[in-house]
Amino acid sequence: LAELGAEGGGVKPAIPTAGHPRLWMLLLALSFFGVRLHLLGSKDPNYLLVETALPALAWLAVFAICAFGPDPWRYSGRDGWLRMAVLVNCGLFAFLLQDTINFALLVPGAATTFFALVGVAIAARQVPPPRRAVPETGPSSGGRWGFTVLAGLALAVVVGFIIPPVWRASDLVVAARAQRHAALAGPIESHPANRLYQQAVGADPFDPTAAAERADWLRGVAESSPDPTPVLREALASLDQAIARSPANVAFHRRQAQLSLSLAQLTHDPSDRAQALAAAERALALYPTRPEAYVELARLQAWVGRTEERAALVRAAVQNYGRALELNNQRPAWEEIRRWKPAQVEEIQSQLAETQAWLAQRPN
C-alpha cells in the first residue's frame with residue numbers, strides 16, 4: 001500500500017525498488033551455488049570447481065547482459081520486481097541449459113536449477129500492484145546509449161571479422177569430409193581431402209577442428225598404407241597444430257598419446273615412446289579425476305617399462321592401475337551409470353596382476 005510520507009506529504013511506494021542488479025547477482029549466486037555444491041555429491045575440489053565454474057559463467061554472463069542493457073532496469077513497485085524476476089530467470093535458464101548438457105536431470109544440482117527457475121516465476125506473480133503510479137528511474141540516457149554503441153561495435157566486429165573465417169573454415173571442413181573416402185592415387189599432399197583440410201586450417205587461425213580431423217583421417221590412411229611411418233608423423237604434426245590452438249583440450253592429448261604409441265610400435269624409437277608417455281601424462285594432468293586416464297597411462301608405462309627394462313616405470317604403472325580402480329569406486333551414487341562394468345574391472349585387475357608378476361620376477 002502507498003502511504004503518505006511523514007514529511008512534505010510526499011508519496012513513497014509500498015513496494016521498494018528492485019535494488020541494484022549487482023547485489024542481486026552476488027546474493028543469488030552465493031546462495032544458489034552454495035546449495036548446489038553440496039548436492040553435487042562429491043568432495044573432490046577439482047570436480048566441484050569445474051562443475052561450478054562453467055554454469056557460473058553462463059549465469060553471470062546472461063544476468064549481466066540483461067541487467068546492464070540500454071533499457072533502464074531500476075523500476076519501482078511491481079514493474080521493478082517483475083523485471084528483476086525476468087533477469088534472474090534469464091540467468092537461471094542459461095544455467096539450466098549448461099547443467100542439462102552436462103547431467104540432464106540426473107544430478108540433484110541440475111534439478112535444483114529447474115525448480116529454482118520455477119520458484120522465481122511463481123514468486124514474481126505474487127507481488128501485488130501498487131495503489132498509485134510510481135515514476136520510473138534508471139540510468140542516464142547517456143549511459144544507456146553508451147552501452148548501445150559499445151554493443152553495436154562488438155556486434156560489428158563479430159560479423160565482420162569473426163563469423164566470415166569461421167564460416168569459410170566450416171564449409172571447407174564439410175567439403176573435406178566428403179572427400180575422405182576418395183582413393184589415394186598419389187602422394188597424400190595431392191589428395192583432395194588433405195588440400196581442403198589444410199585450407200580450412202589456414203582460413204580460421206583459432207579453430208583446432210580441421211587440424212584434429214586431418215590427424216584422424218591420416219591415422220586411418222596409415223592403417224592401409226604400405227609405409228605408415230611418414231603418414232603417422234604427418235598426423236602427429238597436424239595434431240600438434242590442434243593442440244597449439246587448444247592446449248587444454250584433453251582429448252587432443254589422448255589422441256597424441258595413441259598416435260605416438262602406434263608410431264613407437266613401428267619404429268621402436270625411444271623418443272617416440274617418450275612422446276607417447278609425455279602426452280598421456282599431460283592428458284592425466286588436465287583431467288586428474290578421470291579413472292580411464294590412469295589406465296591409459298598405466299598401460300603405456302607398463303609397455304615402455306617392460307620394453308626398456310625400467311622397473312621404476314612399471315612400478316608407477318602398478319600405482320596408476322590401483323588409483324584408477326580407487327577412483328572408479330569413488331564415483332558418486334548418481335554417477336553409477338558411469339562406473340565400469342564388472343568385465344572392465346576384471347580386465348584392469350588382470351592387467352594389474354600381470355604387471356605385478358613381471359615386477360616380482362625382477363631382483364630390483
Side-chain angles (χ1 to χ4, degrees), residues 54 57-58 61 101 150-267 269 271-272 274-283 285-287 296:
L54 291 178
L57 288 175
I101 292 169
L150 288 175
L153 289 174
L155 180 61
V157 169
V158 170
V159 172
F161 298 97
I162 296 180
I163 291 180
V166 171
W167 205 323
R168 173 164 169 71
S170 298
D171 287 344
L172 288 167
V173 167
V174 171
R177 289 170 184 165
Q179 297 292 333
R180 285 167 66 111
H181 301 294
L184 187 63
I188 288 192
E189 290 76 12
S190 63
H191 195 282
N194 185 67
R195 289 200 308 270
L196 288 165
Y197 274 130
Q198 288 183 319
Q199 290 173 16
V201 170
D204 187 346
F206 302 106
D207 187 10
T209 304
E213 282 199 17
R214 179 172 177 262
D216 290 341
W217 171 69
L218 287 170
R219 183 179 184 178
V221 171
E223 292 175 357
S224 57
S225 173
D227 186 13
T229 299
V231 183
L232 286 174
R233 293 203 184 280
E234 184 65 23
L236 278 169
S238 186
L239 196 53
D240 285 340
Q241 286 182 301
I243 291 173
R245 296 180 177 195
S246 182
N249 190 317
V250 65
F252 292 167
H253 294 284
R254 294 209 310 264
R255 286 190 231 175
Q256 188 182 44
Q258 293 163 3
L259 273 173
S260 298
L261 173 60
S262 300
L263 184 61
Q265 289 171 336
L266 288 171
T267 64
D269 188 334
S271 64
D272 291 330
Q275 184 178 13
L277 278 173
E281 288 168 354
R282 285 193 295 269
L286 287 169
Y287 197 163
E296 291 161 4

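We number each residue from 1, following the sequence as shown.
- Side-chain contact check for V166 versus D207: every heavy-atom pair is 4.5 Å or farther apart.
- Heavy atoms only, all atoms of each residue included: R245 and F206 are closest at CB-O, 3.5 Å.
- Contact check on D272 versus R233 returns a salt bridge, with a Lys/Arg side-chain nitrogen under 4.0 Å from an Asp/Glu carboxylate oxygen.
- Side-chain contact between N249 and P208 is absent, with no heavy-atom pair separated by less than 4.5 Å.
- For the pair D204 and R168, the salt-bridge criterion is not met [side-chain N within less than 4.0 Å of a carboxylate O].
- Comment: E189 does not engage R195 in a salt bridge, judged by the lack of any side-chain N to carboxylate O separation of less than 4.0 angstrom.
- Between L218 and L232 the shortest side-chain heavy-atom distance does not fall below 4.5 Å.
- For Q256 and R282, the side-chain atoms include at least one donor-acceptor pair closer than 3.5 Å.
- Taking the six-membered ring for Trp and the full ring otherwise, W217 and H191 have centroids separated by under 6.0 Å.
- Contact detail for P247 and L286: the closest heavy-atom pair is O-CD1, 3.9 Å.
- The shortest distance between side-chain heavy atoms of V173 and E213 falls below 4.5 Å.
- Residues S225 and D227 bring no donor and acceptor atom of their side chains to less than 3.5 Å of each other.
- When all heavy atoms of P187 and L184 are compared, the pair lying nearest together is O-CD1, 4.2 Å.
- At a cut-off of 3.5 Å, with distance as the only test, no side-chain donor of R177 or Y197 sits close to an acceptor on the other residue.
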